[in-house]
Structure formats: structure tokens, C-alpha cells
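Right, one structure below, let's go through it.
A quick note: this is a predicted structure, and the numbers were derived from the prediction, not measured. In what follows, every heavy atom counts, from backbone to side chain, and hydrogens, waters and symmetry copies are set aside.
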Amino acid sequence: MSIHLRAHAFAANPLRGLAGSPSAVSPSAVSPSAAADALRSLLDGADAAAHNHLSQVLPFRRGRPLARSPDPPAPSSSSSSPAPPPAWRLAWLPPSRVPGIPPEVFVFLGSHGGQGDGKEAAAYWAVDVSEVEGARFGGAGEESAFVDLRTLMVAADWRDKDAMGELAIAGHARALLEWHNTAKFCGSCGAKAVPTEAGTRKQCSNESCKKRIYPRVDPVVIMLVIDKENDRALLSRQSRFVPRMWSCLAGFIEPGESLEEAVRRETWEETGIEVGQVIYHSSQPWPVGPNTMPCQLMVGFFAYAKSLEISVDKKELEDAQWHSREDVKRALTFAGYEKAQRSNAVKVNQICKGVERGQTISSDLSVESEEPAPMFVPGPFAIAHHLISSWAFEGALKVPSSFSNL
């Protein structure tokens, strides 16, 4: 079964106007400067009780957003359906619940609401509270806790538009906060970099430099290499993967290199396969990488092989093999992903109650027979899943004539 999403996980952020369309942005959207002025007033105690609802804050601790997960309602006695898994949401707080933090530390995420209902749009913020001593922002009594973003990613119900929107907001916030933690100094003169434009930019504090500094994005190509003649796809394993998981090749783009060139170079370096035709599929922001790379942009492609003999670079990969379409279809068994989502949703609920279960994602990925799957590919939260499933179930995209001579 192929799983189709409205948008990739971490994309379609509702605070960013959905794909950046001008018509999608609320006419009452709050500007960063206006939002910063309002937040400063609230933090100073001016009319806080009356206007707290106009600013909402998402605290992070060591890269983990504050989340809440109340128990789902019990199913009725007449229902034969299983109880729904708990649904997590971000635990937004009014500024009065995040005291003692300077206004310049808050990072503006966007605004939402106020369209056609006569109410003002609310401004949304993220703040890193890792260094705040003794403060309690959540706990067992409130059914909220700081939860790793990868766990939330797997626990999110990809059929729930609101849940996927919350995941996109959390990803955007983590990327900006991690960038603030790593971009503390100007790369030109070494002076301290200070936040500007409500934390969405930085600027060098040296009056003779004043270099503007923008959030970092690290572009990565990710490609499904296809053997068209034998109807096979090339999948690889890295040593850090959980057992039995296979995925697409991927690699960072080098300076002076086009996306297509990066696809060909990375495929050749890691597997010895020569690639000709390269066709764009889609892209996905990926803010769950290492802290030193706050947000990767995964740019997905189909790549058609011109040679078939594999020579694995063992420094990069553990293994790489050709897999038939039928084998890949079996690896995409829907029940495994649904089970992983449900069990991780329960895990988030337990974390929010202060009782963390010692489960791993890999133990939940199995086929309907409950026997371990001989192989599986990343879940629907990853662009690799959609590259692989779109080929396995629908066939790769038709090659445009403009690529025929590559």
C-alpha cells in the first residue's frame, strides 16, 4: 500500500502561510517588529493578563520541544473499533509562564488566526530554556514534558493535518534555535552576533562590520537509483541504521556543484554505479539531524543507472544491493508503520506522565504476521519513503526528452 501525505513531514507549516502563497497569508498577520514590541510589553508585565493570548511561547530544552499528550477518550461499549492512540500536541504557554528570560532570546515563528473573526492574530515564539535553573514548564500533573523531536515525528499521525502542522512548527522552531546556538559569532570578524528581526536573523555587533547573518540550511541530495531494464532499485544500509532497514543513497552538495552533478557524484563515490538521467521528485526540510547542521533540505530525485556492478565504499555504507519491485513492495507493508506510530504515540503519552517506556522504533516495525520484516524502509515521515513507494507502486516518472542525452 502506498501512503500519500498532503505534504512532506516538516513542510506545510501553518505559521508560514502554507507554501508561501501570498493569498494564504492572513491579512492581519503580525510583523516580526510588532510581535517583538508586544512580547516585550508582556514580559515587562504590561497588561499581561489581558493580552497573554496574543503571544504563545513554545519552550525547548536541549533541542526538545514541550509537548502534551492527554489520554484519548475511552471507546464506547458498543464500538468494536480499537481505542485510538493518544494524540500529542505542542504545549504552548503564555509569556507569563516563561519568566526571567530576556526578550531578545525569543525567536519569532509567525502568526496565525484573526482572519474574519474580529480577533487579533496571535504571535508564536520559541525559546531555549535549557539554562533556566529550577523552572518547571511541564510535569506529570500537566501531562506535558520535553520530548525528542524524532520521537514526536514517528508518533505523529500522518493522516491528521493538525498533528502534521504541529510537527512542522516544532521542526522550524528547533532549526532556528539550534542555529542561534551555533552562530554566536560573526564569521568575518569574530565579533559577537546579536539577534535582529525578532530572532529570525542575526547581525555582527562590530560597528565597522555589521554583517547580516541568515539561518543556515544544508542542502542534501537523496536519490532512488533505478535499474530500468531489470525493474530494480538500489537501496543501501549505513551502520547507524536500525537492523533490517534499507534506504536511498544521499549526500551533501559541494560548492560549485549542481544538484544533478551531486546525485551522480555521490552515487559513483558510494556504490561505483554510473548514473545518467536524473529527475526531480520533491524536497523536504529535515530539522532532526545533528545540532551542528540545524536544518538540512533533502532534495529528492529518481536517478537512472548506466552501469549495474556495485562497489561499496565501506567508509560510507555498510552495504548496497539491487532490490526487485516485489521485494520493495513487501518492505513497504503498511501495518508496520501504523504500529510504530501507535506505539510511539503511547510512548510520548508515558513520557508526558513521567513514565518513559524503554521501547525502540525498530522493534515496532514488523509485518501483519507479527514476524520481523526481512527488510523495511523509512516510514512516511521521510522523503526516502515516498521516493521508494512512488516507484514501487506507480512506477518512476516518465523521463523528459530533455534528459535523453545525459
Can you see which heavy atom on [X] is nearest to which on [Y], and at what distance?
X: A191; Y: C204; answer: CB-SG, 3.8 Å
X: P59; Y: L93; answer: CG-CD1, 3.7 Å
X: A193; Y: A183; answer: CB-O, 3.8 Å
X: A198; Y: P32; answer: CB-O, 3.6 Å
X: R40; Y: P103; answer: CG-CG, 4.1 Å
X: N206; Y: C189; answer: ND2-SG, 3.6 Å

One thing to verify: whether [Y] and [X] come together as a salt bridge, which I'm taking to mean a side-chain N less than 4.0 angstrom from a carboxylate O.
X: E274; Y: R264; value: no
X: R212; Y: E197; value: yes
X: R62; Y: D128; value: no
X: R216; Y: D218; value: yes
X: E338; Y: R342; value: no

What's the verdict on side chain to side chain contact (heavy atoms under 4.5 Å, CB included) for L332 and F376, showing C-alpha distance, side-chain angles and the deciding distance?
CA-CA 6 Å; L332 285 160; F376 63 91; over 6 Å; no
Evaluate whether atom NZ of K314 has more than 12 neighbouring non-hydrogen atoms of other residues, nucleotides or ligands under 6.0 angstrom away.
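More than 12 within 6.0 Å, yes.
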Within a reach of under 6.0 Å around CH2 of W322, are more than 12 heavy atoms found that belong to other residues, nucleotides or ligands?
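Atom CH2 in W322 is packed in, count exceeds 12.
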Evaluate the criterion side chain to side chain contact (heavy atoms under 4.5 Å, CB included) for residue pair V299 and I222; output intermediate values, then yes/no.
CA-CA 6 Å; V299 189; I222 180 168; over 6 Å; no
Is the side chain of [X] donor-acceptor paired with the backbone N or O of [Y] at a distance under 3.5 Å, no angle test?
X: S311; Y: T271; result: no
X: E269; Y: E266; result: no
X: E257; Y: E254; result: yes

[atom1]/[X] to [atom2]/[Y] distance, rounded to the nearest 0.5 angstrom?
X: E166; Y: L90; atom1: CD; atom2: CG; value: 4.0 Å
X: F302; Y: L224; atom1: CZ; atom2: CG; value: 6.0 Å
X: L387; Y: I226; atom1: CG; atom2: CD1; value: 9.0 Å
X: Q321; Y: M375; atom1: CD; atom2: CE; value: 8.5 Å
X: Q284; Y: Q296; atom1: CD; atom2: CD; value: 10.5 Å
X: E229; Y: D231; atom1: CD; atom2: CG; value: 11.5 Å

Geometric cation-pi criterion R325 and W391, 6.0 Å radius, 45° cone
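Here R325 passes the 6.0 Å and 45° test against W391.
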For [Y] together with [X], are the ring centres under 6.0 Å from each other?
X: Y337; Y: H385; answer: yes
X: W92; Y: Y124; answer: yes
X: F108; Y: W125; answer: yes

Please assess D157 against R159 for the test salt bridge (Lys or Arg N to Asp or Glu O under 4.0 Å), listing each intermediate value before the final yes or no.
CA-CA 5 Å; D157 184 348; R159 294 156 297 196; 3.0 Å; yes
Is there a side-chain hydrogen bond (donor to acceptor under 3.5 Å, both in side chains) between S282 and H8? Walk through the geometry before answering.
CA-CA 9 Å; S282 60; H8 283 304; 2.8 Å; yes
Do [X] and [Y] have side-chain heavy atoms sitting under 4.5 Å apart?
X: P294; Y: L176; value: no
X: S96; Y: L42; value: no
X: V225; Y: V263; value: no
X: P94; Y: V57; value: no
X: E143; Y: K353; value: yes
X: F252; Y: M293; value: yes
X: V221; Y: F301; value: yes
X: P219; Y: I253; value: yes

Worked check of side chain to side chain contact (heavy atoms under 4.5 Å, CB included) between S236 and D319:
CA-CA 6 Å; S236 64; D319 196 7; over 6 Å; no
Check the side chains of R174 and N291 for a donor-acceptor pair under 3.5 angstrom, ignoring hydrogens and angles.
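Per modelled atom types, N291 and R174 side chains form a pair under 3.5 Å.
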What residue among R240, R237, R244 forms salt bridge (charged side-chain N to carboxylate O under 4.0 Å, His left out) with E318?
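Of all the options given, the one that passes is R237.
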Intermediate values then yes/no, side chain to side chain contact (heavy atoms under 4.5 Å, CB included), S247 and F241
CA-CA 9 Å; S247 189; F241 285 4; 3.9 Å; yes
Take D160 and R89 through the salt bridge (Lys or Arg N to Asp or Glu O under 4.0 Å) test and state the conclusion after the steps.
CA-CA 11 Å; D160 183 339; R89 290 293 187 267; 3.0 Å; yes
Checking side-chain contact (heavy atoms from CB on, under 4.5 Å) between P65 and each of I169, L152, L167, which is the one that passes?
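So the option named by the test is L152.
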